[in-house]
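What follows is one structure encoded as structure tokens, with my remarks underneath.
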Amino acid sequence: MSKEEFRRFGHELIDWVAEYLEHVEDLPVLAQIEPGDLKAQLPVAPPETGEPMEQIIADVDRLIVPALTHWNHPSFFAYFATSTSAPGIFGELLSAAFDNKAMLWRTSPASTELEEVTLDWLRQMMGLDAGMTGIIYDTASVSSMHAIAAAREGVELRIREEGMSGRKDLPLLRVYVSEQSHSSIEKGVITLGLGQRGLRKIPTDSEFRMDSKALGAAIAEDKQNGIVPFCVVATVGTTSTSSIDPVAEIIPICERYMMWLHVDAAYAGSAAVVPELRYILKGCERADSLAVNPHKWLFTPFDLSVLYCRHLNLLRRAFSLVPEYLRTPEQEQVRSGSDYGVQLGRRFRALKLWMIIRYFGHEGLAARIREHCRLAKLFAAWIEGDPNWELMAPVPLGLVCFRACPAIDWIDDDVRNARLDVLNEAIMHGVNATGKALLSHTKLNGKLTLRLSIGNIRTTEKHVRQVWDLLNEQLKLLGRQS
Ligand SMILES: Cc1ncc(COP(=O)(O)O)c(C=O)c1O
């Protein structure tokens with residue numbers, strides 16, 4: 001592509017993105033298509049010859065946009081609401097232009113060194129101690145899997161060298177999580193060959209936090225049975241309710257049994273940049289590692305997850321492998337990303353986070369997260385003030401768990417709950433079908449629960465009021481029918 005053409009299409013696309021972000025609110029949040037609709041409109045074979053850029057861009061409008069679910073829509077309240085931001089988009093643009101593969105320090109000194117500095121900034125903003133060193137991965141699933149791998153390396157059972165299969169000398173190794181932990185931890189355990197038997201789920205208390213007494217008892221019992229407990233994964237900000245495991249109670253247990261404590265703070269970790277919310281990381285000053293996702297609540301385009309780790313030497317021991325063709329004269333002086341994980345080449349992800357932190361500043365990031373938490377509390381207050389609705393979990397941050405509970409003459413509790421499940425699911429689908437807002441759900445104590453997550457940089461009180469109105473409209477409509 002000539003420089004002139006590149007400029008023309010580049011300007012056109014930046015204009016396109018500016019309009020898209022300005023008017024994303026006018027688009028349906030949830031893609032209004034049926035499975036297979038997009039595929040049916042695409043040629044099955046690749047073009048034999050190149051096509052004009054105009055046509056390709058036109059097809060983005062015609063085919064791709066209608067098949068998008070718009071995470072940038074300010075009324076996206078599902079899962080954990082996230083959004084990109086202008087400096088983040090510029091960071092992605094530049095990193096695509098540089099196309100560096102940060103496998104070794106010398107293949108991208110900028111990426112390697114900027115990552116170290118930017119992650120140290122984030123560490124300071126979150127109030128983590130200087131013993132925690134950060135490394136970037138794509139997702140929290142991968143960050144946590146690497147933490148568990150480092151923990152396993154610390155057990156000194158020569159698993160790196162001899163593997164786990166066919167070994168009679170190897171006891172069952174076990175990782176502990178709460179019943180509310182994210183499925184990614186179980187997947188990590190499976191990936192590392194520890195098997196689902198290698199994971200024990202600990203019950204939670206009435207506020208969905210890991211029961212630390214039950215944890216201690218489970219570990220003691222397993223040890224008596226010859227199992228080797230080696231890692232606890234606590235969650236700060238669970239996926240269903242954003243509950244915060246009592247890390248300060250869990251840490252002495254880990255220390256007593258010499259176990260690794262990893263903290264999955266994928267969602268909530270970002271909230272620690274707000275000084276008055278730092279308490280959520282209480283106890284983490286003694287954790288061995290912690291994962292946080294700037295792509296969740298720090299306005300960073302997907303993907304960018306950070307693993308903070310106190311024992312980078314173990315992570316390196318688990319993963320470093322330097323064949324002759326990767327040997328460099330400076331390798332003992334520098335950090336090379338490929339030594340700390342399964343990937344060789346790594347994207348230049350630090351650039352976007354560096355630009356975001358510089359553009360918003362610590363204060364700007366904290367102010368936005370603080371506002372999201374205020375909006376969540378406001379919505380929770382509306383729920384609490386209306387007998388037709390009930391809160392299903394505490395609201396420590398930006399997530400509200402709730403359900404409709406209209407007073408109708410039900411036969412008994414089981415029937416009532418079953419009817420309420422159906423009603424709430426219908427309310428959620430009804431709201432989502434309007435295209436004006438998107439909610440998701442979970443189950444808490446066997447009850448279908450709606451989740452409203454506020455984390456999008458463009459969400460204001462107006463959008464929260466709108467979804468409240470939509471919910472009440474649906475309740476009126478469906479409550480009458482049920
Ligand atoms: C607590 C928690 N951990 C881990 C994950 C997985 O995140 P990722 O998509 O970055 O792997 C999520 C996703 O929502 C989460 O809520």
Side-chain angles (χ1 to χ4, degrees), residues 69 71 76-84 88 122 126 134-149 175-192 199 201-202 204 208-210 231-245 247 250 261-272 280-281 284 287 289-308 341-343 346-347 349 352-353 369 372 376 393 396-401 438-444 449 451-456:
T69 289
W71 286 72
F76 187 111
F77 297 113
Y79 312 108
F80 278 127
T82 66
S83 53
T84 187
L122 179 60
M126 291 170 64
I135 180 137
I136 295 180
Y137 298 98
D138 50 2
T139 58
S141 307
V142 171
S143 294
S144 291
M145 188 202 73
H146 282 85
I148 299 167
V175 177
Y176 300 77
V177 291
S178 93
E179 282 169 348
Q180 292 288 323
S181 70
H182 191 265
S183 53
S184 57
I185 307 301
E186 187 163 346
K187 273 200 193 178
V189 165
I190 295 169
T191 308
L192 291 169
L199 187 81
K201 295 185 182 173
I202 306 298
T204 53
F208 309 103
R209 300 170 299 197
M210 188 191 283
C231 180
V232 175
V233 180
T235 313
V236 168
T238 57
T239 312
S240 278
T241 71
S242 77
S243 61
I244 296 162
D245 283 344
V247 176
I250 293 170
L261 176 64
H262 174 62
V263 178
D264 177 0
Y267 160 66
S270 301
I280 61 170
L281 295 185
C284 294
S289 56
L290 178 144
V292 55
N293 274 3
H295 70 223
K296 276 197 169 40
W297 210 0
L298 277 181
F299 320 115
T300 305
F302 196 78
D303 48 19
L304 199 166
S305 174
V306 181
L307 177 67
Y308 283 105
V342 290
Q343 274 186 274
R346 306 169 76 243
R347 298 182 60 224
R349 294 189 180 89
K352 57 188 172 185
L353 186 58
I369 293 175
H372 290 158
L397 300 165
L399 173 69
V400 187
C401 292
L438 191 71
L439 298 167
S440 64
H441 76 285
T442 188
K443 269 218 164 152
L444 295 177
T449 300
R451 293 171 71 268
L452 180 108
S453 163
I454 302 176
N456 186 302

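We use all heavy atoms of the structure for the numbers below, so side chains are in, but hydrogens, waters and symmetry mates are not. For ligands, and for the atoms within them, numbers begin at 1 and follow the listed sequence.
- At a 4.0 Å heavy-atom cut-off, ligand 1 touches S184 through the side chain alone.
- In terms of protein heavy-atom proximity, atom 11 (O) of ligand 1 is nearest to S141 OG, 2.5 Å.
- The residue Y79 has no part lying near ligand 1, judged by heavy-atom distances below 4.0 Å.
- Any N or O atom pair closer than 3.5 Å counts here, and A266 shares no such pair with ligand 1.
- Both the sub-6.0 Å distance and the 45° axial angle are not jointly satisfied by R349 relative to the ring of Y137.
- Atom OG1 of T238 is separated from atom CD of Q180 by 5.5 Å, given to the nearest 0.5 angstrom.
- A donor atom on one side chain and an acceptor atom on the other are not found under 3.5 Å apart for H295 and T300.
- Near G237, with a cut-off below 4.0 Å to any heavy atom, the atoms of ligand 1 are 1 (C).
- For ligand 1, the atoms lying closer than 4.0 Å to a non-hydrogen atom of N293 are 7 (O), 8 (P), 10 (O).
- Residue-to-ligand polar distances keep T238 apart from ligand 1: every N/O pair is separated by 3.5 Å or more.
- Side chains of T442 and T449: a donor-acceptor N/O pair is absent below 3.5 angstrom, by distance only.
- In terms of polar-atom proximity, defined here as any N/O pair under 3.5 Å, T239 does make such a contact with ligand 1.
- Ligand 1 lies nowhere less than 4.0 angstrom from a heavy atom belonging to Y267.
- Among residues two or more places apart in sequence or in another chain, the side-chain contact (heavy atoms from CB on, under 4.5 Å) test is passed with H372 by W297, F299, I454.
- Each of the atoms 14 (O), 16 (O) of ligand 1 lies under 4.0 Å from some heavy atom of F80.
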Item to check | salt bridge (charged side-chain N to carboxylate O under 4.0 Å, His left out) evaluation trace for D138 with R347 | outcome: CA-CA 9 Å; D138 50 2; R347 298 182 60 224; over 6 Å; no
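- The closest side-chain donor-acceptor pair between S143 and S305 falls under 3.5 angstrom.
- Here the protein heavy atom with the shortest distance to atom 13 (C) of ligand 1 is K296 NZ, 3.1 Å.
- In terms of polar-atom proximity, defined here as any N/O pair under 3.5 Å, H295 does make such a contact with ligand 1.
- Of all protein heavy atoms, the one lying nearest to atom 6 (C) of ligand 1 is H182 CE1, 3.5 Å.
- In the model, R451 has a side-chain atom that pairs as donor or acceptor with a side-chain atom of S440 under 3.5 Å.
- Among protein heavy atoms, atom 2 (C) of ligand 1 sits closest to D264 OD2, 3.5 Å.
- Shortest non-hydrogen contact noted between H182 and D264 is CB-OD2, 4.0 Å.
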